[in-house]
Amino acid sequence: VWICGHSRKRRKGEPPLITGWLPFIGVTLDYVSNPLGFLRETQKKYGNVFTCKIAGKYFTFVTDPFSFSIVMRQSKNLDFQKFAVGFSQRVFGHADFNSSLFSESYREVHSIFRQTLQGLSLQQLTETMLGNLQIVLERGLPHEHDWLEEGLQSFTNRIMFEAGFLTLFGKDAGFLQADGISGTRICMQKAVQDFLAFDRAFPLLAAGVPIGLCAEAWQAREALAEELLHDKLHHRNCISDLIQRRMDAFDCMHLDETGKARTHVCMLWASQANTLPAAFWSLYYTLRSVDAFTAACTEINRVLSGQLINNQDQTICLSREQLDSMAVLESIIEEALRLSSASIMIRVASDDFTLTLDSGQTADVRKGDYIALYPQFIHLDPEIYPDPTEFKYNRFLDEKGQRKSNFFKNERRLKHFLLPFGSGASECPGRFFAVNEIKQFLALTLWHYDLQLSDPDATLFPDSTRAGLGILPPSRDVLLRYRKKTNTTTE
Ligand code: HEM
């Protein structure tokens with residue numbers, strides 16, 4: 001996709017067209033090296049709507065936050081599924097669900113997301129996650145008083161990946177037996193390594209490089225698929241409704257077994273690729289800021305204190321109401337997401353049409369062009385968020401300590417001020433579960449462990465080579481020292 005034919009000419013009524021000096025690749029290099037910087041510069045020169053030639057495709061960027069909902073509402077002219085399913089087929093190697101053979105039944109598969117990631121199913125999933133987090137944490141706890149050292153990213157990935165995997169895909173039949181535990185653990189270490197190896201290649205895969213040319217990523221994806229074959233999943237206990245219903249639906253569609261397993265790799269990626277870095281940043285910023293740390297611990301103590309005194313097995317329970325009441329943790333997570341999210345929302349024009357923006361300005365769009373929204377424009381806008389690159393743990397809290405949702409630009413209140421989960425047709429169906437599981441992770445780790453960053457003053461930046469792909473991971477890992485707290489029941 002990096003190479004395409006000659007550039008087109010701008011027609012009357014169309015937004016400014018920026019094709020760059022290089023005839024084949026357009027402005028791809030400028031965009032890839034610093035997407036936000038490039039888009040800000042272009043916006044300054046050409047205004048709130050402009051078309052760029054990137055990787056051989058024409059992208060019309062709309063940068064005015066008040067026009068975001070207008071784009072989102074254009075489901076008649078702007079299609080999300082075709083692009084998303086095509087991309088997923090190319091990267092994960094499953095069947096073409098856009099084809100007439102599958103498109104009808106895939107619509108039903110797609111509706112499973114919303115049915116199983118909200119309401120009662122969400123509650124069930126959240127409870128299972130809390131149990132699994134405690135099993136995984138308990139196993140890794142050092143003896144009292146012993147300090148352990150590990151990278152914070154490696155610590156977060158290890159715990160969140162395993163607990164999240166078990167929550168969605170269930171446990172090995174032998175998981176609860178003494179000898180089964182070690183077997184599961186080795187397999188889980190391999191699964192997390194495979195997941196990370198596959199995920200590392202994502203920027204290349206997203207840019208259109210065939211997975212066959214990324215040998216390590218291909219092997220890792222196939223190894224994960226091997227673990228998620230229906231034959232193996234049938235031997236696991238406590239599989240989530242989400243996965244069970246997808247398995248039943250794919251069985252009815254008569255896909256081949258590897259094809260079914262690859263759709264589960266896709267689901268595994270969706271459930272982990274953003275959650276792992278989001279959990280990392282949430283804990284990292286909490287440990288770096290004394291105010292955030294103190295406020296978080298006060299909230300966790302308020303919710304958990306007293307709960308364990310008469311509880312023999314020391315299991316922590318967090319009801320839905322308790323999780324919902326943790327406004328400080330929620331604000332920390334939202335602030336971490338604001339700073340680390342660099343997703344791009346893409347729609348494909350299904351016909352030629354005229355887009356009328358919030359200001360009344362119109363822009364003609366050609367069939368097949370991409371319309372792109374880049375939420376980082378909003379997330380790092382100093383008018384909406386003063387000192388936008390600073391972490392402020394209480395940015396999403398009002399004076400009463402309740403959730404804050406009034407943010408302004410040009411003295412107008414914004415409907416969309418935080419979009420790490422996308423919006424409209426592409427809004428993440430797992431968003432409630434994601435926030436719940438990160439809250440649980442923060443609550444349990446801060447409750448059970450003394451945690452210190454070895455070098456709290458060192459500055460850490462997000463890895464912007466992944467811009468456009470969601471939550472950016474850190475550019476490197478940082479050393480964490482941790483030990484079990486001496487007596488958490490009496491805190
Ligand atoms: C889609 C963000 C966690 C399941 C998306 C999209 C975003 C997103 C931005 C839209 C992608 C696009 O426009 O192409 C996040 C973030 C998460 C997170 C920031 C964590 C902090 C999860 C979790 C699950 C999940 C935990 C499931 C358990 C999905 C699915 C889709 C999706 C299935 C595709 C939806 C569709 O095709 O309609 N996510 N996500 N996500 N996410 Fe999440």
Side-chain angles (χ1 to χ4, degrees), residues 68 71-72 75 78-89 91-92 94 97-98 106-107 109-118 121-122 124-126 128-129 156 160-161 163-169 202 206 240-243 245-246 263-283 330 332-348 370-376 379 416 418-442 462 466-473:
F68 272 37
V71 173
M72 243 81 82
S75 51
L78 293 176
D79 185 275
F80 165 65
Q81 277 308 321
K82 211 178 276 167
F83 171 77
V85 170
F87 177 78
S88 169
Q89 180 204 359
V91 171
F92 293 97
H94 55 60
F97 296 121
N98 279 329
Y106 188 70
R107 240 193 300 280
V109 173
H110 195 263
S111 70
I112 295 174
F113 291 146
R114 301 208 186 263
Q115 291 162 26
T116 57
L117 287 164
Q118 292 182 16
S121 299
L122 170 67
Q124 178 65 55
L125 209 58
T126 306
T128 310
M129 182 70 187
T156 310
M160 287 299 274
F161 181 88
F165 185 102
L166 297 175
T167 301
L168 254 57
F169 296 98
F202 227 77
S240 64
D241 274 2
L242 168 66
I243 298 303
R245 290 196 45 192
R246 282 171 66 85
T263 66
H264 299 313
V265 178
C266 176
M267 194 59 233
L268 174 69
W269 186 84
S271 70
Q272 299 270 1
N274 287 304
T275 310
L276 300 182
F280 168 87
W281 289 113
S282 302
L283 183 56
E330 190 147 324
I332 287 174
I333 295 167
E334 289 188 333
E335 179 67 340
L337 290 172
R338 182 185 71 79
L339 284 167
S340 60
S341 158
S343 56
I344 184 167
M345 292 155 70
I346 296 176
R347 303 284 188 273
V348 187
Y370 291 165
I371 301 285
L373 304 176
Y374 202 69
Q376 223 183 18
H379 296 166
H416 296 296
L418 189 64
L419 288 160
F421 294 109
S423 184
S426 62
E427 189 166 28
C428 172
R431 62 197 180 282
F432 305 112
F433 177 59
V435 172
N436 283 351
E437 61 179 334
I438 300 173
K439 270 189 190 169
Q440 293 171 331
F441 171 68
L442 290 177
R466 292 182 64 103
L469 297 176
I471 306 298
L472 303 177

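Keep in mind that this is a model prediction, so the values were computed, not measured. For ligands, and for the atoms within them, numbers begin at 1 and follow the listed sequence.
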Considering only non-hydrogen protein atoms, determine which one is nearest to atom 43 (Fe) of ligand 1 and report residue, atom name and distance to 0.1 Å. Cys428 SG, 2.3 Å

Ala84 heavy atom under 4.0 Å from ligand 1: no

Strictly distance-based, threshold 3.5 Å: is any side-chain N or O of Arg347 a donor or acceptor partner for the main-chain N or O of Ile371? no

Gly422 heavy atoms within 4.0 Å reach ligand 1 at atoms 9 (C)

Relative to each other, are the rings of Trp269 and Phe202 parallel, tilted or perpendicular (30° and 60° limits)? parallel

Side chain of Thr275, backbone of Ser271: donor and acceptor closer than 3.5 Å? yes

Is the closest side-chain heavy-atom distance between Val71 and Leu78 below 4.5 Å? yes

Are Glu437 and ligand 1 in contact, using a heavy-atom cut-off of under 4.0 Å? yes

Backbone N/O of Leu117 and side chain of Ser121: donor-acceptor pair under 3.5 Å: no

Going by the atom numbers of ligand 1, which of them fall below 4.0 Å from some non-hydrogen atom of Ala278? 21 (C)

Can you tell me how far apart OG (Ser282) and CZ (Phe441) are? Round to the nearest 0.5 Å. 9.0 Å

Would you please determine whether Arg431 falls within less than 4.0 Å of ligand 1 on a heavy-atom basis? no

With a 4.5 Å cut-off on side-chain heavy atoms, are Leu442 and Ile333 touching? yes

Does His110, backbone or side chain, put an N or O under 3.5 Å from an N or O of ligand 1? yes

Atom 23 (C) of ligand 1 sits nearest the protein heavy atom Ser271 CA, 3.7 Å

In short, Gly86 meets Asn98 closest at the heavy-atom pair N-ND2, 3.8 Å

Which of the listed options, Val85, Asn274, Ile333, Leu168, holds the heavy atom that is closest to atom 15 (C) of ligand 1? Asn274

Under 4.0 Å from one or more heavy atoms of Phe113, ligand 1 contributes atoms 33 (C)

Taking all non-hydrogen atoms of both residues into account, name the closest pair between Phe68 and Tyr374 and its distance. CZ-N, 4.2 Å

Residue Ile471 vicinity, atoms of ligand 1 by number, heavy atom under 4.0 Å: 19 (C)

Parallel, tilted or perpendicular: which fits the ring planes of Tyr106 and His110, with parallel below 30° and perpendicular above 60°? tilted

Give a yes/no on ligand 1: does Pro429 have at least one heavy atom closer than 4.0 angstrom to it? yes

Measure the distance from atom 22 (C) of ligand 1 to every protein heavy atom, then report the residue, atom name and distance (to 0.1 Å) of the closest one. Ala270 O, 3.5 Å

So the atoms of ligand 1 within less than 4.0 Å of a heavy atom of Pro420 turn out to be 2 (C), 9 (C), 19 (C)

Taking only heavy atoms of Ser426 into account, list the atoms of ligand 1 that are under 4.0 Å away from them. 6 (C), 10 (C), 13 (O)

Considering only non-hydrogen protein atoms, determine which one is nearest to atom 14 (O) of ligand 1 and report residue, atom name and distance to 0.1 Å. Phe80 CE1, 3.5 Å

So the atoms of ligand 1 within less than 4.0 Å of a heavy atom of Thr275 turn out to be 3 (C), 20 (C), 26 (C)

Counting C-beta onward and ignoring hydrogens, is there a side-chain heavy-atom pair between Met345 and Met72 closer than 4.5 Å? yes

Proximity to ligand 1 by part of Met345, non-hydrogen separation under 4.0 Å: neither

